Amino acid sequence: MDTKQPGDSESGSMSQGNQTGGLLRRIRAFDPKEVFTWQLAKTLAMGQGLAVVICGTAISSQYLATDFQVNTPMLQSFLNYVLLCATYTSMLLFRRGDGNILQILRKRWWKYFLLGLVDVEANYTVVKAYQYTTITSVQLLDSFVIPVLMLLSWWVLKTRYRPIHYIAVCVCLLGVGAMVGADLLAGRDQGSASNILLGDGLVLLSATLYAVSNVCQEYTVKNLSREEFLGMVALFGTIISSVQMAVLERHEIPAIKWSWQVGLLFSAYALCMYTLYSCMPIVIKLTSATSVNLSLLTADLFSLFCGIFLFQYNFSGLYLLSLVVILIGFIAFNAVPTPAAHTDPPPSPCPPSSPSSLCEEGDCDTAWGDGEDTDREEDETKEGRNSSQSVRGEIAEDNVAADEQSTKLNLWLNLSDRCGLAGSDLRRYDEKSS
């Protein structure tokens, strides 16, 4: 049996019309100036600056591997951590109070040890993956850091994304797909394929470790300080990378044929990594770790553009298309803010008007008690105050009466001395007065 009323279709069409009209009004009210702001331009410029720095590390590593047969990723990372340690760990040594390095190590040394371990292994596994899989697989699977970052930010940092953010991420990943397709068309599917499964697993592991490190970095720089994060990661990164370098590269390092070109390339790599580590917390504090990593997707494209002139790579128009698509997704992601989940502050155990000393000692319950006890105590206090006032009034009246009696007695004594009244008369006066 159809229970649909005649007015239902009309109301449904009216609601659809209202929704369409609301969408049209929002489209007409759209102002590009609200999206393309100075803040967005600054974020885009800083993110692309970080991508250029990563491009510098890739080029220097490529030259070391191809022209000088140097494959020492742990030595390169060790130089970076030493520079960071000399700068930021030294700053923590001269701080006072809770920001001093001794206080930090006493409170949370094991957290920074784990963070340093994660950071070192993230750098090592992605370089190690090139020995087992192709460059195309590394570029494609390395973007796995984006969904892991979003998941960790939602869980740890309580970031709440909107539908436009998911759409923007998908657009950026389409740009990465276009870049991989351009590599295939240009015949740049280089790299070893001895164990593709192991290599792809190392790339995914590296992306996950990078996501963990970046989320911890965002939390630290927004709640503690940039110097503390860099100083402690540099300290433990130097220790861990030196031990790992001594174990894994004890044969490769003595085999290096040193020259001024090799020294210059090592210095260029270390300076680029130092700049990346020093500037990345600043950009993350202004935006977020997810936004920064979306911007870093263009680093491979910059490396490809440089490789066209330096390593004679073949050019494809899909590279430009990939760059434009990634930038569009990045702008769309940053055009809408990502608010954190709203959490109400815990209720204060003390009323607003309570004495601070009682609140600090935790005696709020005994100091204030329940509402009924407070009212009862106030009533008792008022009754006690009234009774004390009445007692004071009676005492005052008795004092006045006694003063009047003593005054009269003194007058009679003076009269008796002057007029010679007899003692019997005085006794009669005393009896009469009493």
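All residue numbers in this chain count up from 1 along the given sequence. Quantities reported herein were computed from a predicted structural model and do not represent experimental measurements.
Taking a 6.0 Å sphere around NZ of Lys285, one finds it holds 12 or fewer heavy atoms contributed by other residues, nucleotides or ligands.
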For residues 198-211, please give each side-chain donor-acceptor pair under 3.5 Å, one per line with the distance, not counting sequence neighbours.
residue	atom	partner	partner atom	Å
Asp200	OD1	Thr133	OG1	3.0
Ser206	OG	Ala122	O	3.0
Thr208	OG1	Leu204	O	2.9
Tyr210	OH	Asn123	OD1	2.5

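Side-chain contact check for Ser291 and Asn334: at least one donor-acceptor pair (N or O, by modelled atom type) lies under 3.5 Å.
Evaluation of the side-chain contact (heavy atoms from CB on, under 4.5 Å) rule for Glu252 yields Thr72, Glu249 as partners, not counting sequence neighbours. In this structure Tyr277 satisfies the ring-ring contact (aromatic ring centres under 6.0 Å, His included) test with no other residue, sequence neighbours excluded. In this structure, the side-chain contact (heavy atoms from CB on, under 4.5 Å) partners of Val262, at least two apart in sequence or on a different chain, are Leu64, Phe68, Ile256, Trp258, Ser259, Phe266. Remark: Tyr124 engages no residue in a side chain to side chain donor-acceptor pair (under 3.5 Å) (not counting sequence neighbours). A search for side-chain contact (heavy atoms from CB on, under 4.5 Å) contacts involving Arg95 returns Leu92, Ser225, Glu227, not counting sequence neighbours. Residues forming a side chain to side chain donor-acceptor pair (under 3.5 Å) with Ser213 (at least two apart in sequence, or on another chain): Asp119. The side chain to side chain donor-acceptor pair (under 3.5 Å) check on Lys257 picks up nothing, with sequence neighbours excluded. Residues satisfying the side chain to side chain donor-acceptor pair (under 3.5 Å) criterion with Glu121, sequence neighbours excluded, are Gln244. For Leu105, the side-chain contact (heavy atoms from CB on, under 4.5 Å) partners are Ile101, Trp109, Met232, Leu235, Phe236, not counting sequence neighbours.
Under the side-chain hydrogen bond (donor to acceptor under 3.5 Å, both in side chains) criterion, the residue pairs touching residues 267-276 are Thr87-Tyr274, with sequence neighbours excluded. Every pair tested for salt bridge (Lys or Arg N to Asp or Glu O under 4.0 Å) that includes a residue from residues 297-315 fails, sequence neighbours excluded, so the list is empty.
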